[in-house]
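A short write-up of the structure that comes next.
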2 protein chains.
Amino acid sequence: MEKKPSLRSIAQQAGVSTTLVSYVLNGKMQNRIKPEVAARVREIAKRLNYSPNQIARSLKASKTFTIGLVVADISNPFSSEMARIIEDQADKAGYTVIYGSCDERAEKFQKLIEVFLDRRVDGLIVIPCDGVLPQIQYLQSRDIPFVLVDRYFPDLASSYVALDNYQASFMGTNHLLDHGHRRIGMITLDTQLYHMQERTRGFISALSDVDSSPEQSIVRLREGFSAQDMADAFDILLKRDLPVSALYLTTNKLGMHALKYIHSRKIQVPQELAVVSFDETEFLDLFATPVTQIIQPLQEMGSQAVRILMESIGGNSSFTQLNLQPLLAVRGSSIGGGKRPDFERELVGRTL
Amino acid sequence: MEKKPSLRSIAQQAGVSTTLVSYVLNGKMQNRIKPEVAARVREIAKRLNYSPNQIARSLKASKTFTIGLVVADISNPFSSEMARIIEDQADKAGYTVIYGSCDERAEKFQKLIEVFLDRRVDGLIVIPCDGVLPQIQYLQSRDIPFVLVDRYFPDLASSYVALDNYQASFMGTNHLLDHGHRRIGMITLDTQLYHMQERTRGFISALSDVDSSPEQSIVRLREGFSAQDMADAFDILLKRDLPVSALYLTTNKLGMHALKYIHSRKIQVPQELAVVSFDETEFLDLFATPVTQIIQPLQEMGSQAVRILMESIGGNSSFTQLNLQPLLAVRGSSIGGGKRPDFERELVGRTL
DNA sequence: GTGAAAGCGCTAACAT
DNA sequence: ATGTTAGCGCTTTCAC
């Protein structure tokens, strides 16, 4: 790999000092440099196809114009789409992104943070996973600028960009209530992450008027659940005295796998079971009946995250905490189907 | 952001030179360093939570332990899954990945390459898009190690890891032939990219025994096609004297959109139309009838790409060109359905 | 056994 | 209007 030209190569060819070349190429001291010299330097730089060595620049400036991005699981479309938006926005601000997926594991998260810090990133955008609060606090103690995305810690004073998850769940559940459902089940993940707690809270809150024990309609699957786990969840909610007539899935992955199961068992949607899922995925439209989805404003989340990080890198030490509003995209999976009126009446009689 | 400790901080605290600290921490000159000094240095380093500044190291060594990854379109699951695999493998080799998506645009590709070179990446892994041959040749002229993935240029002597696309198409088409189909349509992209040409070639070759003019059953959509474009494609293949009874989609995106259309028009699969699509996507399983897919060995492709790049970075100047074998995952969309025997017989009579 | 010094490529304070 | 010099943090040659 032949060496790239340096300032010195240009300086030598032009018979001037590297300082001068640096000034010319950076447009500094414009007024004091003889135009013809400047022109010659620029001409030589162009001829040699010069471009500055960012590594040297970084070392000198203690600034890398690089941000680290840690996503929770890159194989999730949420993460990859977010990665794309962030890369795009960072690029506009003159920043390069180095990234990694922690695959929902705290140790991998730790490792990624270390690598990124060794590379002296100017800041971090992080989708944290379960159990990484200590690492986040470490970042804070080191005064490393960072912004949490999607997930955050309620007791931690830090910048974040997230969804109003309570409202999202409340809205989704209410939608099902509005369409006559009274026994509504929810399948969610067994996690301490606050955004998931909020989703649960929204569900319970919406249901509290019609269901005195909503907790019994919640099934929690472990991260990395199997098809069998999903099948078991359905059994719990459907094979009981008062089976649910509607189902709320709190993540896109849960939505995907629930629909696979529904399809395999030929459960009619929405006639036998109404469905609302979290997260937009164009893939969900492939399902026999398009699925009602709670949509997160990804573009907005990504843009804001970069914007806030840039301010933080720029020295703004205040925190910005954003809980953006979701959208409910109503599709066939939650409306028009059989609300099984007889059954519902019976149910209402018992639960109210 | 408080400064991280440097070699000098440690040296001062230990009352030794930075040289010595460097030796100790890098495990060099083991035999010549007094054990107790070494121990003390290590102890202080640990106490200060020292970690070396990779930027300075990179500058000194002219080596960044960073590779640049350019994918064609990060929103495509193929790209994001590949990105994940590559990040994983690179990490194992001690490399960090910086990445960007060129969104199938040559100008953005060019820009990414420039950014990556300015950051002095040690090598590149590239999923090229249409029209970037000149940039690839530039890399070559600069002796920058790189490996092409998925797509490559037949007349360019370079390393690449790709699929045997001819074989993939041949296999997929033959599968449909084996199941009695004689009028088979193909929807593909209008592109010069060689891997797509190969997919077309495989299709035509497989069909040549039973169809004297396979070219008439091929519809080419432009990159970024609309839903209407897809509808038009179906019209061309289905609304004619001898409609196709089977359809072959040459990319996952085409597969997705074709299935959306099929679903919206309530076309019965495989009774009215058999379907084979390129690329594995778990999402395709959501479709009312799971779709027969041509599967690429992603893990293998990504691992090999990193391996080859590492060798190339290590000084190996020979080229490795890999065309891996695809797998055909047969699902309900291509078998058991109506082969419409009467119709087929008529067809065979005419075309043979 | 250990340290001084040079240098990677760049920028900027300080000459001249 | 331009050049000298120092230094970012590290590695490594060479000297003691």
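Residue numbers start from 1 in every chain, and the chains themselves are labelled A, B, ... in the order their sequence lines are given, proteins ahead of strands. Excluded from the calculations below are hydrogen atoms, water molecules and symmetry mates; all remaining heavy atoms, backbone and side chain alike, are included.
- As a whole-Å value, the separation of A/Tyr23 OH from C/dG9 P is 20 Å.
- Distance B/Asn31 CG to C/dT2 P: 12 Å, rounded to the nearest Å.
- Here the C1' atom of nucleotide D/dG9 and the CZ atom of A/Arg120 are 9 Å apart, to the nearest Å.
- Distance from the side chain of A/Ala56 is smallest for C/dG9 among the nucleotides D/dT11, C/dG3, C/dG9.
- Salt-bridge formation is detected for the pair A/Asp91/B/Lys111: a Lys NZ or Arg NE/NH1/NH2 atom is positioned less than 4.0 Å from an Asp or Glu carboxylate oxygen.
- Using cut-offs of 30° and 60° on the angle between ring planes, the pair B/Tyr194 and B/Tyr152 is perpendicular.
- Side chain of B/Ser22, nearest nucleotide from D/dG9, D/dT12, C/dT2: D/dT12.
- Of the side-chain N and O atoms in B/Tyr50, one or more sit less than 4.0 angstrom from OP1 or OP2 of D/dC10.
- Each of D/dG9, D/dT2, D/dC10 was ranked by its minimum atom distance to the side chain of B/Pro52; first place goes to D/dC10.
- Contact annotation: B/Asn26 reaches the phosphate of D/dT11 (side-chain N/O to OP1 or OP2, under 4.0 Å).
- Take the nearest nucleotide of DNA chain D for A/Arg32 and for A/Thr18: the residue whose nucleotide is more 5' is A/Arg32.
- Comparing D/dC8, D/dC10, C/dT2 by their nearest atom to the side chain of B/Ser6 picks out D/dC10.
- Side-chain proximity of B/Leu7 to D/dC10, C/dG9, D/dC14: nearest is D/dC10.
- For B/Asn53, whose side chain is taken as the heavy atoms from C-beta onward, the closest listed nucleotide among D/dT4, D/dT13, D/dG9 is D/dG9.
- Judged by the 6.0 Å distance and 45° axis criteria, B/Lys63 is positioned over the aromatic ring of B/Phe65.
- Scanning atom types as modelled, no donor and acceptor separated by under 3.5 angstrom connect the side chain of A/Thr19 and the base of C/dT11.
- Close to D/dT12, at under 4.0 Å from its OP1 or OP2, lies a side-chain N or O of B/Lys28.
- Remark: the B/Gln299 side chain and the B/Ser303 side chain contain an N/O donor-acceptor pair separated by less than 3.5 Å.
- A donor-acceptor pair shorter than 3.5 Å cannot be found between the side chains of A/Ser141 and A/Gln137.
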